[in-house]
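Chain A is the first sequence line, chain B the second, and so forth, proteins listed ahead of strands; every chain is numbered from 1.
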Number of protein chains: 2
Amino acid sequence: MPPVNLKRLAQELNLSIATVSRALQDSYEVSAHTKERVRALAAELNYQPNAYASSLRRNVSKTIGVVIPEVNNHFFSLAINGIEEVARQSGYHVLIYLTHDDYEREVGITQYLTGGRVDGLLMSVASESREFEHLQKLYASKPAIVFFDRVCEALPTAKVTTNDYESGYLATAHLIEAGCRHIAHLLVSGNLSIGRMRMQGYQAALREHGLEFDETLVLTGDADDERNKERIMDLLRTRPEVDGIFASVERLALSSYQACKELGRAIPEQIKVVGFSNLGVASLLDPALTTITQPAYDIGRQAATILLRAIEKKKAILPSQSVVLKSELFARRSTAR
Amino acid sequence: MPPVNLKRLAQELNLSIATVSRALQDSYEVSAHTKERVRALAAELNYQPNAYASSLRRNVSKTIGVVIPEVNNHFFSLAINGIEEVARQSGYHVLIYLTHDDYEREVGITQYLTGGRVDGLLMSVASESREFEHLQKLYASKPAIVFFDRVCEALPTAKVTTNDYESGYLATAHLIEAGCRHIAHLLVSGNLSIGRMRMQGYQAALREHGLEFDETLVLTGDADDERNKERIMDLLRTRPEVDGIFASVERLALSSYQACKELGRAIPEQIKVVGFSNLGVASLLDPALTTITQPAYDIGRQAATILLRAIEKKKAILPSQSVVLKSELFARRSTAR
DNA sequence: CTGTTAGCGCATTCAG
DNA sequence: CTGAATGCGCTAACAG
């Protein structure tokens, strides 16, 4: 069976390829009658335009890429939800790439992406990425880029983030007000803006409540959850005075909970924990879980909206289009008192 | 600045386009010296082949599509993880589409996909889909398809599933052995094979343990979580004898937990619940949560592996390549006694 | 080992 | 209103 393409339609209808093409695009310079004939046959044969030929010709792919650390995480999966929603409504396809917070992979992926495969890119950088050369290259190679959550400050483009400084402050203040005096901080990574911001909020809250900032209570996590848990347990063992933990990212919050449980230290009676990011499910079920919840779905939507708008208008994305959304402290029942 | 394509490279090197193309593909019929020159310039100019031109010419896109109900769900996000992993290793790109369990969307997406954009498709059908005409059409239009978890039995292709019947049996038996005598079943959807299988296991377990199957204790959920919760609460109120719940899917399990909490019926003391699927995080934190956990990551990997192998070998996928993996009952501490 | 030629399917000039 | 011709960037068959 011959393939169903414009040529085939043209032959069967005794028309030229050009006319068929125009008819399918509802061009004003084709008679209503012809359009009808073309559409009827196209439907009958289940004609689908070849996306690649079209992309090649028009030099747009109607495809965006999403590069994120992982998907098995409430924040990112909700964000994808928002992104996919917006993309589909605008007729865009979504390619997904996971870095697993690995620098090498991120570099590989960005190279993969340099070359017209996508019209634009939504990105949350890997926490391990210190060097941004690959991102610079990518940026130079043209696709529109919008960062969300884990941004690369070095590139002059729009970023969709949350009020990380304030949230860090809020989380810490919440713990202090609940009676904590020795609050450990679990940092996601020193070279990630969200980590720095949240930590600054943490420090400010301590300071303003008259507490010392103790550098030795700050633990920087890595990609190995098991090891993170061990290190948290070590910290809790060697520093028994710790009565609160502020985890700056979901994975570390979980590791904290597990560490506390394994050490038999009850949450929230003995140790209070505030986990950053969307524990979703868990926080609904276990009242001991206090979380800072980011509006992940909206972040995804906003980032995608900015990106697609720029693509459609063929306009550059400016840093001034950046958006800062608000996170919320979500405690099922107050841990204060 | 002129674009960096083969033509440009060829001009600057005084070679033909064909030679440059061959050199970049490391063809044996190009001198080492020439290859070197080409590669050097390509690197210098950061040449990236145009993926669409290549796809058009070769008639392969090195892209697969993943169509799933949602991503904000441990099962699917883990599966994506596995899929992306396998795909990337083989140099494939992954397009993602979410149906939100909506029939219309699924139809729209499959149409979207009919037309060479993807070389293959991994799919978990929407629970609402009763009609499979769109899938038949898609199947006829050629891309290789592998179903996973929520399969469409009508199509003669490979399916990657878990031992749903046994798991349903196991879950129910677990409740019975823990002392439950009136076990409600929350069905995901009557027209989904996983639902039917799990329910059959549930019925068999009841039967073999000498319990009556009571149709009025079976509740079929829909896409509205809030309403599901209300209906579960209704059921628990009108049928106070219910002392166990077997939820055949993650979302319904969560709604059950919430319903129980709102009614003040303690889990697992007053009501025991077994939730199907990967509650992940939650089950680690709350010992009350008993889950049937599917090997989601492996399911993703396996499905992707079968698909890519078939694509690479240009061979049709046979139903005989189907795989059935095993789920595991995961109770943090036994609810029995 | 290298170049010439043709064409993937489509959108778009330019003619009529 | 319609058709013929051109080329997007790349690969592959065919020469030499």
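Comparing C:dT2, C:dT12, D:dG9 by their nearest atom to the side chain of B:Pro3 picks out D:dG9. In this structure, of D:dT2, D:dG9, D:dC10, it is D:dT2 that holds the atom nearest to the side chain of A:Thr34. Of the candidates C:dC10, C:dT2, D:dG9, C:dT2 carries the atom nearest the B:Ser31 side chain, counting heavy atoms from C-beta on. Closest to the side chain of A:Ser21, out of D:dC10, C:dG9, C:dA11, is C:dA11. Of the listed nucleotides (C:dT12, D:dG3, C:dT2), D:dG3 has the atom at the smallest distance from the side chain of A:Ser16. Looking at the side chain of B:Thr19, the nearest of the listed nucleotides C:dG3, D:dT2, C:dG9 is C:dG3. Closest to the A:Arg57 side chain, of the nucleotides D:dG3, C:dT2, C:dA11, is C:dA11. Listed nucleotides: C:dG9, D:dG9, D:dT2. Nearest to the side chain of A:Ala53: C:dG9.
Distance CD (B:Glu29) to C1' (C:dC1): 8 Å, rounded to an integer number of Å. B:Tyr28 places its OH atom 11 Å from the C1' atom of C:dC1, with the value rounded to the nearest Å. Atoms CG (A:Asp26) and C1' (D:dC1) sit 15 Å apart, rounded to a whole Å. Rounding to whole angstrom units, OH of residue A:Tyr47 and C1' of C:dC10 are separated by 7 Å. Remark: P of C:dG9 and CG of A:Leu56 are 12 Å apart, rounded to the nearest angstrom. Between A:Leu6 atom CG and C:dG7 atom C1' the separation is 15 Å, expressed in whole Å. The interatomic distance linking A:Asn14 (CG) with D:dG3 (P) rounds to 9 Å, in whole Å. Atom NE2 of A:His33 is separated from atom P of D:dC1 by 12 Å (rounded to the nearest Å).
Counting any heavy atom pair closer than 4.0 Å across all strands shown, B:Leu15 reaches sugar-phosphate atoms only and no base atom. Looking at heavy-atom distances under 4.0 Å, B:Asn59 makes no contact with the nucleic acid at all.
Toward the 5′ end of DNA chain C lies the nearest nucleotide of B:Ala18, the other residue of the pair A:Gln48 and B:Ala18 mapping further downstream.
The shortest distance between side-chain heavy atoms of B:Val151 and B:Glu153 falls below 4.5 Å.
Counting non-hydrogen atoms of other residues, nucleotides and ligands closer than 6.0 Å to CD of A:Glu29 gives a total above 12. Within 6.0 Å of the NZ atom in A:Lys7, the count of heavy atoms belonging to other residues, nucleotides or ligands does not exceed 12. Annotation for A:Arg309: atom CZ does not count as buried by contact number, only 12 or fewer foreign heavy atoms lying within 6.0 Å.
A donor N or O paired with an acceptor N or O is found under 3.5 Å between the base of D:dG3 and the side-chain atoms of A:Arg22.
Of all heavy-atom pairs between B:Arg117 and A:Ser61, the closest is NH1-O, 3.8 Å. Heavy-atom minimum distance, B:Ile145 versus B:Ile317: O-CD1, 3.7 Å.
The phosphate of C:dA11 (OP1 or OP2) has a side-chain N or O of A:Ser54 nearer than 4.0 angstrom.
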